[in-house]
Structures are given as structure tokens and as C-alpha cells.
Amino acid sequence: MTGARPGDAGPGPAEAAAQAAKQAADEVAAEAADDFRRMWRDLLPVGRNAATGGYRRHAWTPADADCRAWFEREARDRGLWYEADRNGNQWAWLGDPADGNAVVTGSHLDSVPDGGAYDGPLGVVSAFAAVDALRRRGAVAGRPLAVVNFTEEEGARFGVACLGSRLMTGVADPAAARALTDSGGVTLAEAMERAGHDPSALGRDDERLARVGVFVELHVEQGRRLAGTPHPVGVGSAIWPHGRWRLDFPGVADHAGTTLMEDRRDPMPGYAATVLAARESATRMGGLATFGRLRVAPNGTNAIASLVTAWLDCRAPDADTLEDLVAGIAAVAEAAGAEITAESGTPLVTFDRPLRVRLARILGGAPPLPTGAGHDAGVLASAVPTAMLFVRNPTGVSHSPHEHAEEADCLAGVSALTRVLTDLLADDPSEPAQCEPGPPGGS
Ligand SMILES: [Zn+2]
């Protein structure tokens, strides 16, 4: 993009487009501000831990039930048709779902342990605010429109991210999903039953997928590529391939005060060397490697560990880089006697190109953003044309109580989503959008 130079008569085409987009954004934002603020205020205290300020909205817990009740209330108060699907995802419909080729928008309301307020809820609240803005403008004719809340997106309770969308698209096996356990040994099936939801009908939902013509997920940016640019909103281009691995480092428990250093079979140094190698390799190769979860047995200050179990999260811009990165880390771990188990893997997701181009044009040249974070949109991309909008995050911090977006940027996000939905709803319903063939994925 070119900037204005001294002596230029006026703004260039890029600046003019950005100004026009901003003006349109300001108009919609002013209309939507009150709706947005009220919903945000209602949802803010739900599942918030007073000590940390972080959110613990884990699937099928009381906090999750409160979020779900909020969603149902927002749907019914607007006269939208509400339903929870077989996989526990919530839907609010404007127009008849049976007409098919629906425009669907939304995100998730669950959180990571001590997560932020924006990751997920921003997309759901913005979706409802956009529906209000559309109705005020009478721009809802044509295709049916739905707001969705996908369940267990973060995988914080049962370990599989994007579980609701994975089940719906058939990427996750229903029997295996029912048997997933949380840290207290409660299975997903038991947790769903306790929350009043029948777990027997989990699984691929072709009838529902056939209704969806296009899915657009708005999400807070996880990273700071938009910070310092004139753009409060970007358009998702791709989701990096990523996966999770479990590493078991065996040792022999013994007394910390009586066992000579040379006599020890301590798994901790091998684990530590692996962490340092992961950090070095990821930095050198342009990928991301994280050890954020650890289990130590017997976990005593004065006891040499008998087993260290660590979980590796690895991401990279392409599949080859990811494979090389993980292989390098695994070699260091195996040299320390570790056993490595792949727990989940997700290939590269490239969002539907014509849709991406269209969104960038509607938004006056919003910049493309790749991301290392998984999303339900990444899972749905295997089944329907899918796109993402990212709202600027000034610090880039996410999955933390410090996650933030300025209210003006959130409202610009509502405005962007409103304009995108307006454009998509105006499509001829007899001509479904084309889906680019691509790999399944997400998380
Ligand atoms: Zn999210």
C-alpha cells in the first residue's frame, strides 16, 4: 500500500477506500453500539474467576449452562427460532432453515482455563448485534440467516478442540467423543446428560450441513499484525497446520536428600533439554512450539520424579516445516528416553479464496491475516465456503485475562460483519456459492 507523499493533491485510492469503509463503519457502529454494550455487559460476569479475572467457561459446566441460557434468551428475545443440535451446538434462525443456502455467523462461548473475555464471545455478541443492524435496515430478505454457538471449541475440558464442529462435520468419531474424560474422570456422555443434553445422537449432521451456504466467523485477533495499521478488521487467509503430542519421560523415584547425583534416573533434565530444543528450533524455523501442560509423578519437592508427562503444541506455516520441527524436538526427547504419542493433528486450512476476495473488497481493502490458532471456521472449511474476520488486538495477548480489544474496534467489527452479511444475504438463493475443494481441518 502506498502512503501520501508531500505534494500529493489528495488521498490515493487505498486511503479513499479506507476512509469510505470507515465512514460506513461509523454509521453502523453508532446504531449497534447500545445492543453490543448491553450484551457484552450481561455476559461479562459469567464464569469469571474473581481471583484471576480469567474465564472458566468449560463445556457442560454450570458456567457453560449460564452462557447457553444467555444465547437462548438473546435468540428468543429477538423472535429468532432457537434450537440446540444433536452435537450441542446452539442455533438462532432468522428465516426458514429448510430453505437452505443459509448465511451463518457466530463463534463459541467456552473458554480456556482463565481465558479472556473476547476469544469466542466477541463473535457471538457481534453476530447478534449485526442481526439487529440488518433488521433495522431491512436487509434480511433472500437467504435464511443463523447465529451459532459451537460447543467445546477450546477443548479445555475434554481435550479435543472444536469438538462441536468436528462432530457435526464427521471429523470426530461420536463413540470416541462420548468416552472422552475430563480431569475428574467424568465422560463427555455423563457431562452432557447431567446438563440435560442427550449424548446418544452425537455425530455427522448432513442435514444441518446442507442448510449452510456460507459461514463467517468473527474473532478477536490472536497476534498483533493489525496493531499500528489503520485497519481495525482483517480477513482470515489461512490457519497453520498444527497438532498436539504427549511425551512421557520415565525415571525412578528416589530420595532427593540421599541419592547421589550420579546414581539418579531423573526424567526432569531430559524434559528440560527438550523444552529448550523446542524453543530454539521453533524460533529458527519460523514455527511455534509450546509446552504448557505438565504432570509430574510423584510431584514431591523432596522426591526425584518417576515420570514426567508433558504435552507439546506445535504449529508452522506449512506441513513440511511442522513435520521437521516436531521431528527435531522428538529426537531430543527420545535421546532422553521419552515415548512420544501424537494426540491430534490438523492440516493447513486455506479459507475459500473467492469469498476472501469478496470480503476484502466489501471492507475496503481489509488486510489478509494468516493465523496459528485453530477455529470452528477451520473445521467447517472442509464442508462449506468459510471465511473469518479478525478484530484488532492491541497487545496480541490471547488465552489470558489480559486479552483485549478496544470498544471502537469491536464496533468496527460489528459494522464489518453487518456489511458482509448484507452482501451475502443479497445473493440469489437459487445459486449456491461454490466451495473450493480443500483439506479438512481446524481446531
Ligand atoms: Zn476462539
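Being a predicted model, the structure only gives us computed values, none of them experimental. In listed order, ligands and their atoms are each counted from 1.
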Notebook entry, point to check: Would D119 and H219 count as having a side-chain donor-acceptor pair, cut-off 3.5 Å?
Noted result: yes
Item checked: Any N, O or S atom of H375 closer than 2.8 Å to the Zn ion (ligand 1) -> no
Next item on the list: Would you tell me whether W91 and D85 have side-chain atoms, one donor and one acceptor, within less than 3.5 Å of each other?
Entry: yes
Check: So, is E153 placed with an N/O/S atom under 2.8 Å from the Zn ion (ligand 1), counting both backbone and side chain?
Finding: no
Margin query: Go through it in stages, so that I can follow the logic: the residues are D248 and R246, the test is salt bridge (Lys or Arg N to Asp or Glu O under 4.0 Å), and I'd like the CA-CA distance, side-chain angles, deciding distance and then a yes or no.
Written below: CA-CA 7 Å; D248 292 296; R246 193 184 79 235; 3.0 Å; yes
Item checked: D119 atom (N/O/S) at minimal separation from the Zn ion (ligand 1) -> OD1
Checklist line | Electrostatic pair R392:E221 at N-O distance under 4.0 angstrom | finding: no
